[in-house]
Structures are given as C-alpha cells and as structure tokens.
Amino acid sequence: MLFSKALIPTLKETPADAEVASHQLMLRAGMIRKLAAGIYSYLPLAQRVLQKLKIIIREEMNSIDGQEITLPAVQPSEIWEKSGRWNIYGKELLRFKDRNNRNFCLGPTHEEVITDLIRREVKSYRELPLTLYQIQTKFRDEIRPRFGIMRAREFVMKDAYSFDRDEAGAEESYHKMYQAYTNIFERCGLEFRAVEADTGSIGGSFSHEFMVLADSGEDVVVYCEGCGYAANLEKAEVKPPVGLLENESLKNLEKVHTPEQKTVDEVTNFLGITPDNLIKTLIFDTDKGPIAVLVRGDHEINEIKLKNLLGCEYLLLADDDTVEKVTGAPRGFAGPLDLNIPVYADNILKGATNMVTGGNGKDVHYKNVNEPRDFKTTRFADLRTAEEGDPCARCGKPLHMRRGIEVGHIFKLGTKYSKSLHATYLDQAGKESLIVMGCYGIGVGRTVAAAVEQHHDKDGIIFPKALTPYQVLMLPININDEILRKAAFQMYDKLSQAGIEVLFDDRDERPGIKFKDADLIGIPIRITIGSRNFERGKVEVKYRESGKMELIDSEKTVKYIKGFFNKKI
RNA sequence: CGGGGCGUAGCGCAGCCUGGUUAGCGCGCAUGCCUUGGGCGCAUGAAGUCGGGAGUUCAAAUCUCCCCGCCCCGACCA
C-alpha cells in the first residue's frame, strides 16, 4: 500500500478526551474515529488489525470443529421474554419498536437467538455435540462507555455456543474452548492469564475470564505463584485462618461513649486502636429481608461473595431508615450484639477476641467484644475481598495482584437457556432431555486495544507480529531523489511479490514527519532507504520493539524480513 | 442516575469573570519558494451558525434560563 493513497490520518497532538494509552494512540495513529459516545468507526489500519485477529480466531474455532454462522443483530422481544431477560437486562439493552409497534432490541448477546435456532433444528442425540460461533457487532447501552474501543457501546465480539447431550460433554466442550482461547491469545503475542470468574447475570456453573495484563486494566487479577491459582478480584477466595488466634484473655464487655464517631477511621482514632481490632457491621437489604454482615475494620466486604452465599438476586446496602429500624441507632453505630436479624461474618472473625463494635445506640460502641461469648453468628464464610499477601485458598502461599483487561470470557451455562427456551433432544432411549450449553465470548476490538495497551512506548504503538496491519514500513528519505525513488519502488514491488505486506511511505514529506508517523503506527520493521547507504547497496532495518538498527544488503531484504516473521511470536 | 467539568476553524487552546473594533494563537490544510536522516524555514491564502433555542440589553462568544452533546469521578456491568 502506498501511504500517499492510504487513509491514515495521523494526529500530532493527543485529543483531549482520550485518557488511556490505547485510546490516545489509536486515535493518533488514525485507526479509529468517534461518531458518538462509545460508537466508533474503524479506519483502514484498524480494519487490517481486526482482520488479522479474526483470522486467528476463525482458525482456532474451526480447529475445535466450531462452525461459523451469522445471527441477526435485531432481535424480537418474544425470545427475551421467554428467557426472562427482557425484564432483568435493564437499560443496557437498547429497545425499540418497529412500524407495527412490535418490541425489538439490538442484540447485546445471542443466547436467546441461538437457543431458539437450535431448539427448532436439533432433535436427536445424533446431532450433538455442536459448536457454533459468529463474529459480529453487538450493542450494549453501557452506563458509561470509556477508554475508546476498550469499553464501547457498539463493539465487535466473537461469540460461540456449545450444545452437548450431557454435563460431561459440556465440560469437554468447555475445555476445548479454554484451550482454543489460550492458543488465540498466545498467537497474538499477549501476556495474559485465565482466571476463575463469577458467572454474573449470564448464569451457569463455572467460568473463566481471559485477562490481558496491563496496568491500565479495569479489573484486578489475583494469582498465586505457589499453585497457579488465578481468579478475578470478585471471586478470589481467601483461606480461612487456622490456629492463628492468640490465647488472649477475654476481658469484660465495656460500653463506651463515642460521640459522633461513625467511620472506622473516626472510631479507631478516638479509641486509640487499630482497624484490625474493630468489627465493621454492615446492614444490607435483600430479597430475603435485612441482614447484618461483619468484617474486620481493615477489610472490605465482597458483595458478590455475599450474594452467592445467600443465593439472592437483590442485595443493596440498606438506607438510613432501615439501619435505624434494625439497629435502633443511626448509621455508624451498628453492632452484632442483640440483633434479631441474620448475622453473617467473615471467617477471620471466628473466635475474635476483645474487639470494638457498634453499640446499636447513638454515640455508643462496645469494647472487649468476644465471639462467640457476646453475640451469635448465623454463619461464617469467606466474605471479604482478597488483598495482596492474603493466603491462597488452595495452597496458603501469599496471593499477588495485577491489573488486567478482560478480553475473553467462557461460561459453562448448563441448562439455563435450554430450559427456558425449551431446547431439547431425544436421547438414545427416546427420552426427551435438555441440551447442555456453554457460551464463550471474545471482545475482538477490546483485544486489539489491549494489545496496544500492553505494547506501546512513548513514541507510539508497537504491534505484535501477529496483529500488525503491515509487516514492513518502507521509508525512503527523499522521494524526490529520482534514483532513490526508483529504487524504492522497485523494492516495494519485490517485497509485495514475495507476499510481504508493505506500507510504503511514498509521501513527499520531510523525513522527521515520516519517522514520527512510523513510530506512532508501530509496524514491527522499518526499512529506511537513504541515498548514502543506498549508494553502497545497503538499506537500514530498524526494529520497532527493540529500537535496534542494522544495515543490510538491499538485495537480501526479502530474506531478512521473512526470517524475522518466521520466528515464533 | 448522583457529583464535577467542558463545548470558540480539522486538532490543541486563549478570549467569557468585568458585554462594545474585523473573534484570536499554535498545529494542520491549500499555493509558491526553500529544505530533505527525527514533526525545517519564509511568504500568501482558505476555513468559524463561538453546541442549539429563548431571554436581558442600544449591543451577547461574554449575562440569565431551557435543551443537546461530550469528558471525568461514583453507582452499575460479559
């Protein structure tokens, strides 16, 4: 491709509304442009990168017998009503009516459509297992789109669905998919981790997220170097403490006056204690009525764990009125003593001695509260958010944390959708059974953004070999020098004929501009053709990643480039 | 949805508080000259419903009200 004919509108300055590196660089490199909040156009350079990723994805999907399909983006409300998600999905689901006043939505995901299709078309165990996938634009009316195409409203996603006769089959499909995902992200040259995840609103029994590690990631990856355990922060389990409690003598319960001391900071400062000597009591409203939850003062409650423990749909920190009704005190003075609602406590509080808690009265706290002497606990469980250094639930070694970008998510769905949408088959005995499903997503655009996020420097993008829009950027110093011009075009033809993807910067621009653009766009190899070197039959090769430069015989360019790209990753 | 901020040429911004020339600056763009190994120099030029509407005023980019769009923080989320 001739640069002079390409639509690659690079920007010298960083647009004001771009915050993270990938967003800034993709705008500056002329890859994307915004049309509306969270809605982007993909320009040629981005299109080529997306295309490369899609090819990798297709190869890996096909290799596990996935079959590509295309499902409708516009979906009727009926199937969503059947699955029950028309009401639950909320505002994220963009709804509208057609001319006949029928309800439709723009597909945020395709479980309903695919299950409906399979329900009609698959009747016998002989037709299972089956894995189908598509690469398609989805729409989710995100509350707050941000970070360019990392969290957009309209975005390209690869979604796959597996259909099996039974649980064992579904697990096999899941594991194949897990392997395919691992292959995909490895081939992309990304540093990532597969982590255990909560199943969220999609439902189902287990799930992994594929996280590209990057400091700017929105999610936190918790991992253990001892046993390889990895989970996202919502899910990461903390090992219950064993035998850690010192045999401190139990002191007498004492009521203290704590005027206007409500927060953990205030109370601990006022009483001259540290937060780990305090029990934080939080009142939650749930669909099963109000409950109290206890965690240590220096810990954070994990609402996902709590929700899963209780098995409830609705869970929200109670408002002031409820707190007052339940504890008899304003917010800030709740404690577990004499509460007549269920009390759930984090594992670490089991047998806790001489703690401070709220006194369930205005300006009152208790000192020397002891479990179980002074209050009853309905149940102990792992209810807090893991922290750096906490013991791993599997092996006890300290947990570590890094930030990550979720680029893939796989779920074993079970029969959630086949049940609600009646997707069944007849087994060998002629008995009707529910199809067991799995669903598997990859954020295609987000993966590209994550690649940029992970691979860039102050000068611009550094594309991994597998995703680069072009393999080589040719940069003649002076296109008006007839000899150079001719030689450069000859080399361009030669490389192109050898099957190398070349972006040839034939623009009549000053070298500085071309060098800056070359660094910004981030093609792995730059071939610079200058008159002094060329007179000696040499061209300069510069590697974008390492910054290394070397002079090579211009005759050997093709071989050289091929050698570079044949090396793994 | 709550809190904060922004909207002036393609991009980045000044001007607004304290209303009053022809609305500026840098980059980009066009043309010419010059230059050619890291966003070069000189000259000329095109380009603006000052987000939209209503109002106050002799006079509004500037003051008031309403609306729209966008960004940040939070809640939320495969």
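Side-chain atoms are counted along with the backbone in the values below, which use heavy atoms only and exclude waters and symmetry mates. In the text below, chain A, chain B and the rest are named by the order of the sequence lines, each starting its count at 1.
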More 5' along RNA chain B: Ile143(A) or Thr14(A), using each one's nearest nucleotide?
Thr14(A)
To the nearest Å, how far apart are Glu218(A) CD and A75(B) P?
12 Å
Atom pair distance, as rounded to whole Å: CZ in Arg33(A) and P in C70(B)
18 Å
Phe155(A) side-chain proximity, nearest of C11(B), C70(B), A78(B)
A78(B)
Interatomic distance, Glu142(A) CD vs C70(B) C1' [rounded to whole Å]
17 Å
Which whole-number value in Å describes the distance from Leu316(A) CG to G2(B) P?
17 Å
For C63(B), what is the paired nucleotide under Watson-Crick or G-U wobble rules, both distances under 3.5 Å?
G55(B)
Please state whether the base of C77(B) and the side chain of Arg151(A) form at least one donor-acceptor pair under 3.5 Å?
yes
Closest to the Ala36(A) side chain: A78(B), C73(B), C70(B)?
C70(B)
Nucleotide of C71(B), C77(B), A78(B) approaching Glu92(A) most closely (side-chain heavy atoms)
C77(B)
Who does C1(B) pair with, Watson-Crick or G-U, both distances under 3.5 Å?
G74(B)
Kindly determine whether Lys82(A) and Glu112(A) satisfy salt bridge (Lys or Arg N to Asp or Glu O under 4.0 Å), including the steps that lead there.
CA-CA 9 Å; Lys82(A) 270 190 196 164; Glu112(A) 280 79 2; over 6 Å; no
Euclidean distance, atom NE2 of residue His110(A) to atom P of A78(B) [Å, nearest integer]:
17 Å
Regarding the side chain of Ala37(A), the nearest nucleotide among C70(B), C72(B), G12(B) is C70(B)
State the pairing partner of C25(B); accept Watson-Crick or G-U wobble contacts with both distances under 3.5 Å, and report none otherwise.
G12(B)
Could you tell me how far A54(B) sits from C68(B) if I compare only their C1' atoms? Round to whole Å.
14 Å
Please give the distance between the C1' atoms of G51(B) and A9(B) as a whole number of Å.
14 Å
From the list Leu190(A), Ile461(A), Leu467(A), side-chain contact (heavy atoms from CB on, under 4.5 Å) partner of His455(A) resolves to Leu190(A)
Pairs where residues 514-533 of chain A contributes a residue and the test ring pair (Phe, Tyr, Trp, His ring centres under 6.0 Å) is met, not counting sequence neighbours
none
Starting the side chain at C-beta, find the nucleotide from A75(B), C71(B), A78(B) nearest to Arg140(A).
A78(B)
Aromatic rings Phe185(A) and Phe210(A): how do their planes relate, parallel, tilted or perpendicular, breaks at 30° and 60°?
tilted
List the atom pairs, donor and acceptor, that lie under 3.5 Å between side-chain atoms in residues 434-450 of chain A and the rest of the protein, sequence neighbours left out.
from      : atom 1 : to        : atom 2 : distance (Å)
Tyr440(A) : OH     : Ser162(A) : OG     : 2.7
Arg446(A) : NE     : Met150(A) : O      : 2.8
Arg446(A) : NH1    : Glu406(A) : O      : 2.8
Arg446(A) : NH2    : Met150(A) : O      : 3.4
Thr447(A) : OG1    : Gly443(A) : O      : 2.6

Students often get this wrong, so: under 4.0 angstrom with heavy atoms, is Glu13(A) touching a base, only sugar-phosphate, or nothing?
base
Ignoring hydrogens and angles, write down the donor-acceptor pairs under 3.5 Å from the side chains of residues 14-23 of chain A, residues two or more places apart or on other chains.
from     : atom 1 : to        : atom 2 : distance (Å)
Asp17(A) : OD2    : Lys34(A)  : NZ     : 3.3
Ser22(A) : OG     : Glu453(A) : OE1    : 2.6
His23(A) : ND1    : Gly148(A) : N      : 3.3
His23(A) : NE2    : Tyr40(A)  : OH     : 3.3

Give me the distance, rounded to whole Å, that separates C66(B) from G45(B) when you measure between the C1' atoms they each carry.
41 Å
To the nearest Å, how far apart are Arg153(A) CZ and C77(B) P?
19 Å
Between Phe504(A) and Phe489(A), how do the two ring planes meet: parallel, tilted or perpendicular, split at 30° and 60°?
perpendicular
State the pairing partner of U36(B); accept Watson-Crick or G-U wobble contacts with both distances under 3.5 Å, and report none otherwise.
none
Using the C1' atom as the point on both nucleotides, what is the distance between U31(B) and C71(B), in whole Å?
38 Å
Rounded to whole angstrom, note down the P distance from A23(B) over to C50(B).
11 Å
For atom P, what is the distance between U21(B) and A60(B), given to the nearest Å?
12 Å
For nucleotides A30(B) and G74(B), find the distance between their C1' atoms and express it as a whole number of Å.
48 Å
Quick one: Arg146(A) CZ to C72(B) P, roughly how many Å, whole number?
7 Å
Taking only residues two or more places apart in sequence or in another chain, which ones pass ring pair (Phe, Tyr, Trp, His ring centres under 6.0 Å) with Tyr174(A)?
Phe206(A), His208(A)
Across all strands shown, which nucleotide pairs with C6(B) by Watson-Crick or G-U wobble geometry, both distances under 3.5 Å?
G69(B)
How many whole angstroms separate atom CG of Leu27(A) from atom P of C71(B)?
11 Å
For a quick check, with a 4.0 angstrom heavy-atom cut-off, what is the B/S/- contact string for nucleotides 32-42 of chain B, read 5' to 3'?
---BBBBBB--
With rounding to the closest Å, how many angstrom separate the C1' atoms on C70(B) and C33(B)?
43 Å
Could you pull out all residues at least two apart from Tyr161(A) that satisfy ring pair (Phe, Tyr, Trp, His ring centres under 6.0 Å)?
none
